[in-house]
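Structure first, then comments.
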Amino acid sequence: MTLSNLRPARGSTKGKMRVGRGPGSGKGKTSGRGHKGHKARQGGETNPGFEGGQMPMYRRLPKRGFTNPFKVIAQPVNLKDLGGLTATEVNPDTLHAAGLIAKRDVPVKLLGTGAVDRAYTVSGVKLSGAAKSKIEQAGGKISAE
C-alpha cells in the first residue's frame, strides 16, 4: 500500500449534486433553497442580533460605559516575589532577567503583598503605597518611579 493507491472508505463520500439544471434533475428551479427571500440568496444568513425586522435590542438600548483607549496596564509584581532576586537592584531589566515580568517595555508596578527581606534599590518601577512604605521601612531606596 502506498499513498498513490489510498481511497476514501466505502460510503464515506457522496457524489456531487448538480443543482439548477432543470426540473428533471430534482433540484431544478430553486436549487433546493425553497422560494425567494433572504435565505435563498448566497450567504443568506441572519446576523446574531436579527429580530425579524424590528429594531434589534442592541440598537434599542442606550450605550453605557466608557473604554479608555489610552489606558496603560502595568505588569504587577508582588514584594513576596522579590525573594528570588540575587541582586538588591530592582528595575525592569533585573525583573525580566529573573522571569518576574514578560516584557521589558511595558510598565511594571510593585505591589505590597508579602514581606521585604532586604534593602532594595528601586528604579524605573511604579510602586503601590504599601510597597513603598515596606521598602522604606526595610531601609531601601526609591530613586525614580
Side-chain angles (χ1 to χ4, degrees), residues 1-118 120-136 140 142-145:
M1 176 180 279
T2 61
L3 290 177
S4 64
N5 57 15
L6 287 178
R7 298 280 180 258
R10 186 172 211 158
S12 66
T13 60
K14 291 198 288 189
K16 192 173 180 180
M17 182 169 50
R18 288 167 47 92
V19 296
R21 298 293 180 217
S25 68
K27 296 288 180 187
K29 192 182 101 188
T30 54
S31 306
R33 290 177 169 264
H35 291 284
K36 295 188 290 186
H38 183 92
K39 292 181 182 176
R41 309 282 191 261
Q42 183 178 17
E45 295 294 326
T46 58
N47 62 28
F50 187 67
E51 297 180 12
Q54 75 176 0
M55 187 65 68
M57 180 72 81
Y58 70 89
R59 289 187 61 194
R60 277 182 276 161
L61 297 176
K63 291 182 180 177
R64 293 198 50 171
F66 172 72
T67 303
N68 185 359
F70 304 106
K71 183 178 181 180
V72 177
I73 299 174
Q75 302 176 84
V77 177
N78 281 304
L79 289 177
K80 66 181 180 182
D81 300 329
L82 296 182
L85 289 178
T86 56
T88 58
E89 183 77 21
V90 177
N91 57 38
D93 292 331
T94 57
L95 293 174
H96 185 266
L100 296 176
I101 59 172
K103 298 176 182 174
R104 269 185 220 172
D105 54 342
V106 176
V108 179
K109 187 166 188 176
L110 271 180
L111 303 178
T113 303
V116 178
D117 56 346
R118 285 177 272 175
Y120 291 107
T121 303
V122 180
S123 62
V125 175
K126 292 183 178 181
L127 291 106
S128 69
K132 188 174 184 178
S133 65
K134 286 182 180 180
I135 288 174
E136 287 174 345
I142 300 165
S143 59
E145 294 181 12

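- For residues 69-83, no residue pair satisfies the salt bridge (charged side-chain N to carboxylate O under 4.0 Å, His left out) rule, not counting sequence neighbours.
- Taking 4.5 Å as the limit, every side-chain heavy atom of Ser25 sits out of range of all side-chain heavy atoms of Met17.
- The backbone N or O of Val122 lies less than 3.5 Å from a partner atom in the side chain of Ser143, making a donor-acceptor pair.
- Atom-to-atom distance recorded for Asn91:CG and Ser123:OG is 4.5 Å, nearest 0.5 angstrom.
- In this structure, Leu79 and Ile135 have side chains that are in contact, with non-hydrogen atoms separated by less than 4.5 Å.
- Between Val116 and Leu82 there is no side-chain heavy-atom pair separated by less than 4.5 Å.
- Contact record, Asp117 with Tyr120: OD1-OH, 3.1 Å, taken as the closest heavy-atom pair.
- In terms of heavy atoms, Asp93 sits closest to Arg104 at OD1-CD, 3.3 Å.
- Scanning both residues, Pro69 and Phe66, for their nearest heavy atoms gives CD-CZ, 4.2 Å.
- Across all non-hydrogen atoms, the minimal contact from Val108 to Val125 is O-CG1, 3.6 Å.
- To the nearest 0.5 Å, the span separating CD on Glu136 from CD1 on Ile142 amounts to 4.5 Å.
- A donor-acceptor distance shorter than 3.5 angstrom exists from the side chain of Lys134 to the backbone of Gly112, with no hydrogens or angles considered.
- Screening residues 7-21 for salt bridge (charged side-chain N to carboxylate O under 4.0 Å, His left out) gives no qualifying pairs among residues at least two apart or on separate chains.
- Smallest separation of non-hydrogen atoms from Gln75 and Ile101: OE1-CB, 3.5 Å.
- Between the CG atom in Leu127 and the CG atom in Leu110 there is a gap of 5.0 Å [rounded to 0.5 Å].
- Sorted by first and then second residue, the salt bridge (charged side-chain N to carboxylate O under 4.0 Å, His left out) pairs involving residues 41-69 (not counting sequence neighbours) are Glu51-Arg60.
- For Ser4, the side chain to side chain donor-acceptor pair (under 3.5 Å) partners two or more places apart in sequence, or in a different chain, are Thr2.
- In the displayed structure, His35 atom NE2 is contacted under 6.0 Å by at most 12 heavy atoms of other residues, nucleotides or ligands.
- Legend: residues meeting side chain to side chain contact (heavy atoms under 4.5 Å, CB included) with Pro8, ordered by chain and number and at least two apart, are Ser12, Thr13.
- The side chain to side chain donor-acceptor pair (under 3.5 Å) search around Thr88 returns none, not counting sequence neighbours.
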